[in-house]
Amino acid sequence: MRHQSPQDKRACELLQVSRAAFYARRTGRPVPRAIRDAELTEKITEVHDRSRGTYGAPRVHAVLQRQGEDCGRRRIARLMRNAGPQGRHRRRPRLTTVPGPAGLRPARPHRP
């Protein structure tokens with residue numbers, strides 16, 4: 001085991017991380033979660049492109065589940081937010097008839 005300096009111990013206390021996490025981060029190797037996130041991001045963009053940009057996180061998640069990927073919907077949503085793809089929203093129906101000033105009904109007369 002490598003020598004642990006008092007400065008490293010103090011840095012761990014200030015950063016509120018364990019010493020194991022501190023030294024693992026110093027090695028520079030990517031953690032397994034980051035590797036898996038990169039793989040999932042590639043698959044997410046592939047599914048999103050195949051849907052011509054229409055699928056959002058719930059649909060992309062459903063497609064990946066059917067393909068056998070084991071991941072959560074919120075993880076998919078987080079990766080989509082970070083990578084940039086967004087699903088398309090349905091458009092609000094456009095009103096075709098707009099009442100003019102002549103089309104307004106007069107106020108009801110007051111009857112005691």
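Distance CD1/Ile44 to CG/Leu79: 4.5 Å, rounded to 0.5 Å. For the atom pair SG (Cys71) and CG (Leu40), the distance works out to 5.0 Å, reported to the nearest 0.5 Å.
Between Val63 and Arg59 the shortest side-chain heavy-atom distance does not fall below 4.5 Å.
For Arg78, the side-chain contact (heavy atoms from CB on, under 4.5 Å) partners at least two apart in sequence or on another chain are Arg33, Asp37, Arg75, Arg81, Asn82. Contacts of Gln16 classified as side-chain contact (heavy atoms from CB on, under 4.5 Å), with partners at least two apart in sequence or in another chain: none. Looking at residues two or more places apart in sequence or on another chain, you find a side-chain contact (heavy atoms from CB on, under 4.5 Å) between Ala62 and Arg66. Evaluation of the side chain to side chain donor-acceptor pair (under 3.5 Å) rule for Glu69 yields Arg36, Lys43 as partners, not counting sequence neighbours. For Arg74, there are no side-chain contact (heavy atoms from CB on, under 4.5 Å) partners at least two apart in sequence or on another chain.
In this structure, His61 contributes its side chain and Ala77 its backbone to no donor-acceptor pair below 3.5 Å. Between the His48 side chain and the Thr54 main chain, no donor and acceptor come within less than 3.5 Å of each other.
Residues Ala83 and Thr41 approach most closely at CB-CG2, 3.8 Å, considering heavy atoms. The nearest pair of heavy atoms linking Ile76 to Ala57 is CG2-O, 4.0 Å.
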